[in-house]
Amino acid sequence: MADALLSAVSTVLNDLYGWDGPVELQPTRKDFEGDSTLVVFPFLKLSRKSPVDTAREIGESLQVASDLVSSFNAVQGFLNIVLSTDQIQARFDAIRSADAWGTTPVDPNAPAAMVEFSSPNTNKPLHLGHVRNILLGHSVSRILEASGRKVVQVQIVNDRGVHICKSMWAWQQFGGGITPDSAGKKGDHLVGDFYVRFDQEYRSQVRELMAQGLDEDAAKAQAPCMLEVQEMLRQWEAGDAEVRNLWATMNGWVYDGFNQTYSRLGVRFDRNYFESDTYVLGKQDIEEGLARGVFYRRDDGSVWIDLREDGLDEKLVLRRDGTSVYMTQDIGTAIQRFKDFSIDRLTYVVGNEQDYHFKVLFLILKKLGYAWADQLFHLSYGMVDLPSGKMKSREGTVVDADDLLDEMESTARALSEELGKTEGLVDAEKAQLYRVLGHGALKYFILKVDPRKRMVFNPEESIDFNGHTGPFIQYSHARIKSILRKAEGRSTAWDWSEVVVDERTKELIQTLDRFPQAVEQAARAYSPAVVAQFAYDLAKAFNGFYQANPILNADSEALVAFRVELCQTTAAALRRALEMLGIEAPERM
RNA sequence: GCACCCAUAGCUCAGCUGGAUAGAGCAACGCACUUCUAAUGCGUAGGUCGAAGGUUCGAAUCCUUCUGGGUGUACCA
């Protein structure tokens, strides 16, 4: 891209001042004339001239030395370079002849990048928090692919423990043999209902015990339903057939429900890891680390690592009875994954309440000597809050993922009908359109925000479909497609000599030109927000172009052909960028 | 207590490794559809970038302190 210009500038700086340090160019600000800007302050000491004179001196040499530069202007310490039209033309030639502009073909022989996301518990349905997680994980995976990486998507399912036993217990007590089929309900919701039912029962038992004179802690510890659940967990661990059966059945219901939601969101996993399998992992690794002095054993038999020199604390990795903790499991699972797959990096999409955990985990793996430890990344994201505060499942203030998707779809329908956009579509096409638009709005709404920031979601105010939104970009795409349909059969021949490149056209080409850098930056930072911003910029640049230039009614057939090709290239780029966000681009809307 | 994260327009957010007069969208007001889809475009208005110091030719960006909000600091996961 501007590499040619960059090297020309470097050469000039070297000739003039003997400068051999790094040189950076930035896009010229809108209010100034020019395409690319060099900040000259760093060279003042060498030039021994004023900022303006230095800028002029560099500009003049540059103009002589390179035919990329048509003119320049110097404002204070800024040298604004105007690229020659040849250069703009060369850029568009490169863009249109590329196979899939913006993306790098995946190298099938290189190691893959693994992305872990979603990772739900099996006692309740997915909610808005999971939605942010899932969208981030899916989008980061698509972005890594677009940057040339093979990607392995995994989730770790938290399928064992006291939480699922609570649902199981309540189902036994109150379920009367009900199943998702007989209830006509998604399995994850059904199981979630029993989880809530357990909690009600538990609280009422605690209240009763307290009425009998027990204090709160004692009441909580002695509530019969809790004791039974704990017994159930012991039976599970002992491999009791009946308990295991019920556990497998109810988890199966939940997976069916999850899979429906995943497929609605367009998400899949290459491998599911189950905690009921992975919780035994890690102990061996701890033993080995112990032998090598990475860990130490205390008098009581528990095993620890001392991370105080690294600014962290001491951390337990094996209990005194030799059983493992969360950290143990995560150490073992990470190591296992690098054995299971040919990968060289692993990204965890997990909420920021686990920042410390992952800091410790990565450090331990590094101390254990794994080279890939440097390629572990915690994509830490903030909570999604409601205006009323945190979502609490027990208080029923969670925004359910399926409900949310339903609502987005019906909002999309209301809007489409109001705008009269549904004429000539059959019902199936309409439903598909509402789905694509509703989901597009939701996905963009979530992904455009820096993951680190906590975000507020107000269910009362529906998510926007105008402005800086998914549907805005989808609309730009659909409008182009409409033009392209009408352009069918027209001549596609054009030559640069027959074409005018006005400001808007130039801006559109320059925006397209940024696509690969945007993808690269997004991949480097694991940040869908970068791609989201780019897609918006591109749609905006197109709309400006569209507004200023007639396409099918342009002055000459050659100009029509050129603009149609520019449209085509833009639509393809928009589609690809949206794809990286997990958003579909409709042909019409 | 200690550690980490966040704070930019009324609201929701951009601002990459320090660069020019801090940008979008929503909401408000005004303009533009007999012309390729107005879910659009153009304009007006809106800012002590939480506060105070510091480094620098130059700071929303880097450093220090403080304030406010969040999270973590379990032989839970």
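This structure is a prediction, so every number in the text was calculated from the model and none was measured. Throughout, a chain's letter reflects where its sequence line sits, starting with A, and its residues are numbered from 1.
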Exercise. With a 3.5 Å cut-off and just heavy-atom distances, do the side chain of A/Ser476 and the base of B/rA39 make a donor-acceptor pair?
Worked result: no

Please determine, for [N], whether a Watson-Crick or G-U wobble partner exists with both distances under 3.5 Å, and give it or none.
N      : answer
B/rA45 : none
B/rA9  : none
B/rU64 : B/rA52
B/rU40 : B/rA32

Pairs under 3.5 angstrom, nitrogen or oxygen only, protein versus nucleotides 31-33 of chain B, please.
none

For this session: Measure the acute angle between the ring planes of A/Phe43 and A/Tyr17, then classify it against the limits of 30° and 60° as parallel, tilted or perpendicular.
Result: parallel

Exercise. Should the pair A/Tyr348 and A/Phe358 be assigned to parallel (<30°), tilted (30 to 60°) or perpendicular (>60°) ring geometry?
Worked result: tilted

Regarding [X] and [Y], is there a side-chain donor-to-acceptor distance under 3.5 Å anywhere?
X        : Y        : answer
A/Asn251 : A/Arg160 : no
A/Arg298 : A/Ser302 : no
A/Asn80  : A/Thr37  : yes
A/Asn133 : A/Ser118 : no
A/Tyr434 : A/Glu429 : no

Exercise. Would you say the ring centroid of A/Tyr536 lies under 6.0 angstrom from that of A/His468?
Worked result: yes

For this session: Report yes if the distance between the aromatic ring centroids of A/Tyr526 and A/Phe377 is under 6.0 Å, otherwise no.
Result: yes

What is the nucleic acid contact for [X], judged by heavy atoms within less than 4.0 Å: base, sugar-phosphate only, or nothing?
X        : result
A/Asn549 : base
A/Ile483 : sugar-phosphate
A/Ala478 : base
A/Tyr475 : base
A/Met589 : base

Seminar exercise, completed: In B/S/- notation (B base, S sugar-phosphate only, - none; protein heavy atoms under 4.0 Å), nucleotides 14-27 of chain B written 5' to 3' is S-BB-BBS-SSSS-

Problem set entry | Contact letters for nucleotides 70-77 of chain B, in which S counts primed atoms plus P, OP1 and OP2 and B counts the base, heavy atoms under 4.0 Å | SSSS-BSB

For this session: Please report the shortest heavy-atom distance between A/Met327 and A/His357, naming the atom on each side.
Result: CE-ND1, 3.2 Å

Problem set entry | Nearest heavy-atom neighbours spanning A/Val191 and A/Met250 | CG2-O, 3.9 Å

Between [atom2] of [N] and [atom1] of [X], the distance in whole Å:
X        : N      : atom1 : atom2 : result
A/Lys486 : B/rC36 : NZ    : C1'   : 6 Å
A/Asn553 : B/rU35 : CG    : C1'   : 7 Å
A/Ile480 : B/rG41 : CD1   : P     : 13 Å

For this session: For residues A/Asn158 and A/Pro120, determine if any side-chain heavy atom of one lies less than 4.5 Å from a side-chain heavy atom of the other.
Result: no

For this session: Take A/Leu415 and A/Leu552, find for each the nucleotide of RNA chain B with the closest heavy atom, and name the residue whose nucleotide sits nearer the 5' end.
Result: A/Leu552

Exercise. Which whole number of Å gives the distance between the P atom of B/rG19 and that of B/rG58?
Worked result: 14 Å

